[in-house]
Amino acid sequence: MTSRERVLAMLNGEPVDRIPVISGSAMVVEYIQKSGVTWPEYHRNAEMMVSVASLMHTDAGIDNIVVPFGMFIESIALGLEVNMGAIDIQPSVRSAFEKPEDVNYEHFLEDRYVQTTIEAIKLAKEKFPDAAICSFLVAPVTLAGNLMGVEKLPVLSLKCLKQEKKMKEIQEWISTALQINKIYARACIKAGADVLYYSDASASPSLVMPQFYYNAAVPATKELGDFIHSLGCPWELHICGQTLPIIEGMASTGANCLSIEQAVKMNEATKLAGKVPVVGNVTPLLMIEGTEEQITGAVRKALDGGAKGSMLGCGTPPLSTSDRLKMWVRAAKEWSIENL
């Protein structure tokens, strides 16, 4: 199987020749330096972006190629202030809107950073047809939080469980985010993305109550997921933190795959997810300072626990080393030989 075939088979619940190894965000300093690209231009230059992201596939052996780098594209395209970080620090959103009506997304697709994502998908698809081309996007709750101000989301999410007026307010923010999600998703799929990977970091139980997730986040995320499926594309959902209290809700969104972090026990998550494949759980820090024994042990533990793909508990750390990334891939291959 090609990498693309392997990833799509896993997402569709079909047999694979070996466990696919997939990444979330992939802004790796070693590969940035090896590519000879420059910061911050690789955030707004499609050729630079693909030259960096593709090394995760061609050098390390990861089955997907992921663009763009970071969870700021939607926000900067809408006019919010973004700190562009550094070569080893992801960009971060620094401003917010006063109310949902202030968010103007009429020209969203014309933004330079959005256009870079679209162009990078097309270019990666053309240059690496055997890889699974993946768009890294921001899910509805997290995008709503970015729009209103991340610090406001936990407070409002708690108040809305007791006050109908507050629930209506947060639903308006999420509805606005959802419209932007759909515009961006359609464009990415049209450009040739094989899979959409949504991170909903702000929907973590460490930030909002599980009840809020079920009441407000699940319906919006399911609506987005149904829209993506109507366009013929599979999608993945990642939420940070200890997500066991909301795994069943995540599974009910219709996501083709759930991504969990190292705080979650894989065998417990797979039971709660039912037929929905679960990936993740490998500690990202191991890609920076882990030994081969530690990396192999973490990969095997996740796969023994029922993971259908090997993935880090969050995005690939910028300071990951190529030799450790290769250890990760090798460990998944060796487990596959023994167990598939």
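Computation of the quantities below employed the complete heavy-atom set of this structure, encompassing side-chain atoms and omitting hydrogens, waters and symmetry-equivalent molecules.
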Asks: Does NZ in K122 sit with more than 12 non-hydrogen atoms of other residues, nucleotides or ligands closer than 6.0 Å?
Replies: no
Asks: Would you say NZ of K34 has more than 12 non-hydrogen atoms from neighbouring residues, nucleotides or ligands within 6.0 angstrom?
Replies: yes
Asks: Indicate whether the side chain of T283 and that of Q262 have a donor and an acceptor atom separated by less than 3.5 Å.
Replies: no
Asks: For M1, I'd like to know if atom CE has over 12 heavy atoms of other residues, nucleotides or ligands within 6.0 Å.
Replies: yes
Asks: Quick one: side chains of residues 146-172, donor-acceptor pairs under 3.5 Å with protein atoms, not counting sequence neighbours, listed by atom name and distance.
Replies:
residue : atom : partner : partner atom : Å
S157    : OG   : L153    : O            : 3.1
S157    : OG   : P154    : O            : 2.8

Asks: Do Y198 and E236 pass the side chain to side chain contact (heavy atoms under 4.5 Å, CB included) test, and can you show the C-alpha distance, the side-chain angles, and the key distance before you say yes or no?
Replies: CA-CA 6 Å; Y198 279 92; E236 307 167 47; over 6 Å; no
Asks: For side chain to side chain contact (heavy atoms under 4.5 Å, CB included), just list the numbers for L303 and N339, CA-CA rounded to whole Å, side-chain angles, deciding distance to a tenth of an Å, and then say yes or no.
Replies: CA-CA 10 Å; L303 297 178; N339 294 278; over 6 Å; no
Asks: Could you please spell out the steps behind the salt bridge (charged side-chain N to carboxylate O under 4.0 Å, His left out) verdict for E338 and R300?
Replies: CA-CA 11 Å; E338 298 172 14; R300 285 180 169 271; 2.8 Å; yes
Asks: Can you confirm whether L231 sits close enough to R186 that some side-chain heavy atom of one is under 4.5 Å from a side-chain heavy atom of the other?
Replies: yes
Asks: Distance-only, no hydrogens or angles: does the S320 side chain make a donor-acceptor pair with backbone N or O of T316 under 3.5 Å?
Replies: no
Asks: Minimum heavy-atom separation for L55 and S35, please, with both atom names.
Replies: CD1-OG, 3.4 Å
Asks: Is it true that R18 and D63 make a salt bridge, defined as a side-chain N closer than 4.0 Å to a carboxylate O?
Replies: yes
Asks: Spell out, as yes or no, whether a donor-acceptor pair under 3.5 Å connects the side chain of S204 to the backbone of S206.
Replies: yes
Asks: In the structure I gave you, are the side-chain heavy atoms of V282 and K301 within less than 4.5 Å of one another anywhere?
Replies: no
Asks: Can you run down the ring pair (Phe, Tyr, Trp, His ring centres under 6.0 Å) pairs that involve residues 282-328, sequence neighbours left out, and say none if there aren't any?
Replies: none
Asks: Which residue, L178, I180, T176, forms the side chain to side chain contact (heavy atoms under 4.5 Å, CB included) with P140?
Replies: L178
Asks: Between S336 and I19, which heavy-atom pair has the shortest distance, and what is it?
Replies: OG-N, 2.8 Å
Asks: Ignoring hydrogens, what is the shortest heavy-atom contact between C240 and C314? Give both atom names and the distance.
Replies: SG-SG, 4.3 Å
Asks: Above 12 or not: heavy atoms from other molecules or residues under 6.0 Å from NZ of K125?
Replies: yes
Asks: Compare every heavy atom of G249 with every heavy atom of Y213, then report the nearest pair and how far apart it is.
Replies: CE2-C, 4.0 Å
Asks: Spell out, as yes or no, whether a donor-acceptor pair under 3.5 Å connects the side chain of D194 to the backbone of R4.
Replies: no
Asks: Taking NZ in K182 as the centre, count heavy atoms belonging to other residues, nucleotides or ligands within less than 6.0 Å. Is the count above 12?
Replies: yes
Asks: Quick one about N256 and H229 (side-chain donor to acceptor, distance below 3.5 Å, no hydrogens or angles considered), yes or no?
Replies: yes
Asks: What do the steps show when you test K190 against I118 for side chain to side chain contact (heavy atoms under 4.5 Å, CB included), and what is the final call?
Replies: CA-CA 9 Å; K190 185 178 179 181; I118 304 306; over 6 Å; no
Asks: Between Y197 and L237, is there a side-chain heavy-atom distance shorter than 4.5 Å?
Replies: no
Asks: Counting C-beta onward and ignoring hydrogens, is there a side-chain heavy-atom pair between Q242 and L244 closer than 4.5 Å?
Replies: yes
Asks: Does some side-chain heavy atom of F136 sit less than 4.5 Å from a side-chain heavy atom of P68?
Replies: yes
Asks: Would you check, one step at a time, whether the test side chain to side chain contact (heavy atoms under 4.5 Å, CB included) holds for H43 with F72?
Replies: CA-CA 10 Å; H43 286 299; F72 71 99; 3.8 Å; yes
Asks: Sort out for me which residue in I65, L312, I62 forms a side chain to side chain contact (heavy atoms under 4.5 Å, CB included) with S23.
Replies: I62
Asks: Do the non-hydrogen side-chain atoms of R330 and I295 ever get within less than 4.5 Å of each other?
Replies: no
Asks: Is the CD atom of E126 crowded by more than 12 outside heavy atoms at less than 6.0 Å?
Replies: no
Asks: With a 4.5 Å limit on heavy-atom distance, are the side chains of K308 and V278 in contact?
Replies: no
Asks: Going through the distances and angles, do E289 and R324 end up as a salt bridge (charged side-chain N to carboxylate O under 4.0 Å, His left out)?
Replies: CA-CA 8 Å; E289 56 185 35; R324 290 182 174 87; over 6 Å; no
Asks: For a 4.5 angstrom cut-off between non-hydrogen side-chain atoms, does T253 reach W235?
Replies: yes
Asks: Pairs under 3.5 angstrom only: tabulate donor-acceptor contacts from the side chains of residues 77-106 to other protein residues two or more places apart or in another chain.
Replies:
residue : atom : partner : partner atom : Å
N83     : OD1  : G85     : N            : 2.8
S92     : OG   : R94     : NE           : 3.3
S95     : OG   : E81     : N            : 2.7
K99     : NZ   : D102    : OD1          : 3.2
D102    : OD2  : K99     : N            : 3.3
N104    : OD1  : E106    : N            : 3.0

Asks: Quick check against the 3.5 Å criterion: does H57 have a side-chain atom that pairs as donor or acceptor with the backbone of N64?
Replies: no
Asks: Supply the atom-to-atom distance M287 CE to T321 OG1, rounded to the nearest 0.5 angstrom.
Replies: 8.0 Å
Asks: Which atoms form the tightest heavy-atom contact between I239 and A203, and what is the distance?
Replies: CG2-C, 3.9 Å
